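Indexing begins at 1, ligand by ligand and atom by atom, following the structure's order. Just so you know, these numbers use all the heavy atoms, side chains as well, and skip hydrogens, waters and symmetry mates. Please read these numbers as outputs of a predicted model, since none were measured by experiment. Throughout, numbering of the chain's residues begins at 1 and tracks the sequence.
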Amino acid sequence: MKLLQYFMLCVLLILCFILPGKGVKKRAEEIAQQRVRQETRDGSGGDADQQNGKEKTGEDSVISGTSGQKGTIVIDAGHGGDDPGMIGPGGINEKVLNLVYAKKLKELLEAQGYRIVMTRETEDGLYDENQSNKKAQDMERRVKIIKESEPLLTVSIHQNSYPDESVSGPQVFYFEHSEEAKKLAASIQNAMNTELAIERPRTHKGNTSYYILKRSSSVTVIVECGFLTNPQEEEKLQQEDYQDRLAQAVCDGVLTYLKEKDG
Ligand SMILES: [Zn+2]
């Protein structure tokens with residue numbers, strides 16, 4: 001009888017201490033593994049983020065570049081999806097050109113060691129198809145991406161329009177109440193006017209109504225590459241050589257601004 005009691009006690013001891021102990025150890029191992037996975041994910045840039053299903057900052061935000069040690073820059077290609085933006089007399093959609101210029105700028109800035117966050121890298125907008133106010137959701141998501149990326153600055157790419165078709169030339173807009181955005185705009189405007197040898201150069205301009213300038217948490221400018229309402233400029237804006245030079249000028253303007261800011 002005593003032997004049986006002793007045996008039961010042993011079984012009880014095993015149940016109470018040894019088995020749960022094993023469980024705790026196993027759980028600790030799981031937590032450690034999770035932590036390693038998390039650290040790998042956080043430290044390895046955007047591609048890994050997407051593969052592991054880490055929550056994205058917006059439906060179409062694409063983080064790229066493995067270096068990026070100099071900081072983050074957001075490039076926002078305006079319009080997309082159902083919203084073509086301005087349509088030129090020759091039929092080109094603004095949304096298409098915006099993406100072309102945004103991708104070229106991305107490559108140039110990445111090569112300089114910046115981490116680039118694109119608000120979109122496809123033809124699609126940033127809204128859900130079942131959304132009643134697609135434009136509002138699209139704009140809110142762009143602003144959210146900018147906020148969550150904590151960038152050094154944001155460049156939003158657009159094409160301009162004006163009733164008088166003779167009006168032409170690139171122009172940069174900034175939020176009127178931001179001194180830094182004004183400096184960035186001046187730097188990009190200057191680089192474009194000089195490098196593209198613009199005949200009738202435009203000046204950078206303050207604005208208080210554009211949503212992305214008003215609501216953006218970072219130093220943000222809108223680069224209007226040219227006027228799609230001007231048939232000659234519409235043509236020029238589609239030429240790859242001009243696209244490369246314009247993207248280079250925007251990149252140079254950004255770099256000059258950042259250099260001056262850092263002293
Ligand atoms: Zn636009």
Side-chain angles (χ1 to χ4, degrees), residues 58-61 73-106 117-127 131 133-146 153-165 167-176 181 184-185 188-189 192 196 198 202-216 218-239 242-243 246-247 249-250 253-254:
E59 298 304 299
D60 286 333
S61 85
I73 291 174
V74 174
I75 301 174
D76 171 51
H79 310 280
D82 289 353
D83 171 18
M86 175 62 203
I87 300 172
I92 187 78
N93 284 7
E94 182 191 343
K95 66 172 182 180
V96 176
L97 281 183
N98 293 345
L99 190 59
V100 168
Y101 283 99
K103 283 182 174 174
K104 286 185 183 289
L105 180 60
K106 173 188 174 230
V117 175
M118 300 280 279
T119 54
R120 69 174 174 103
E121 275 203 319
T122 70
E123 288 290 305
D124 301 331
L126 279 74
Y127 52 81
Q131 189 59 223
N133 194 342
K134 290 178 180 170
K135 186 67 185 171
Q137 188 181 48
D138 177 279
M139 293 308 292
E140 279 163 18
R141 284 187 171 162
R142 289 173 200 260
V143 167
K144 189 169 177 251
I145 290 167
I146 294 169
L153 56 92
T154 300
V155 178
S156 183
I157 306 279
H158 285 259
Q159 314 297 320
N160 221 337
S161 65
Y162 197 68
D164 178 356
E165 66 168 42
V167 173
S168 66
Q171 187 164 30
V172 188
F173 290 86
Y174 60 93
F175 186 51
E176 213 164 87
L184 173 61
I188 296 174
Q189 185 74 61
M192 289 198 295
L196 299 169
I198 300 297
R202 312 188 69 81
T203 38
H204 56 296
K205 203 171 173 186
N207 176 285
T208 52
S209 59
Y210 290 150
Y211 184 89
I212 201 123
L213 297 181
K214 230 169 37 174
R215 294 285 307 279
S216 170
S218 87
V219 174
T220 302
V221 293
I222 293 178
V223 174
E224 301 273 4
C225 302
F227 285 80
L228 281 188
T229 37
N230 180 306
Q232 288 82 42
E233 197 155 53
E234 182 194 20
E235 186 100 12
K236 199 160 72 170
L237 286 163
Q238 295 175 70
Q239 291 165 3
Y242 188 74
Q243 290 171 345
L246 193 142
V250 176
V254 167

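Looking at His158, its N, O or S atom nearest to the Zn ion (ligand 1) turns out to be ND1.
A donor-acceptor contact shorter than 3.5 Å links the side chain of Asn207 to the backbone of Ser209.
Other residues, nucleotides and ligands contribute at most 12 non-hydrogen atoms within 6.0 Å of the CD atom of Glu235.
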Checking salt bridge (Lys or Arg N to Asp or Glu O under 4.0 Å) for the pair Glu224/Arg202: CA distance, chi angles, key distance, verdict? CA-CA 11 Å; Glu224 301 273 4; Arg202 312 188 69 81; over 6 Å; no
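Ion pairing between a basic and an acidic side chain is recognised when a charged N comes within 4.0 Å of a carboxylate O; Lys135 and Asp83 show such pairing.
Residue side and main chain included, Glu224 places no N/O/S atom under 2.8 Å of the Zn ion (ligand 1).
The Zn ion (ligand 1) is the vertex of the angle joining NE2 of His79 and OE2 of Glu94, which measures 100° to the nearest 10°.
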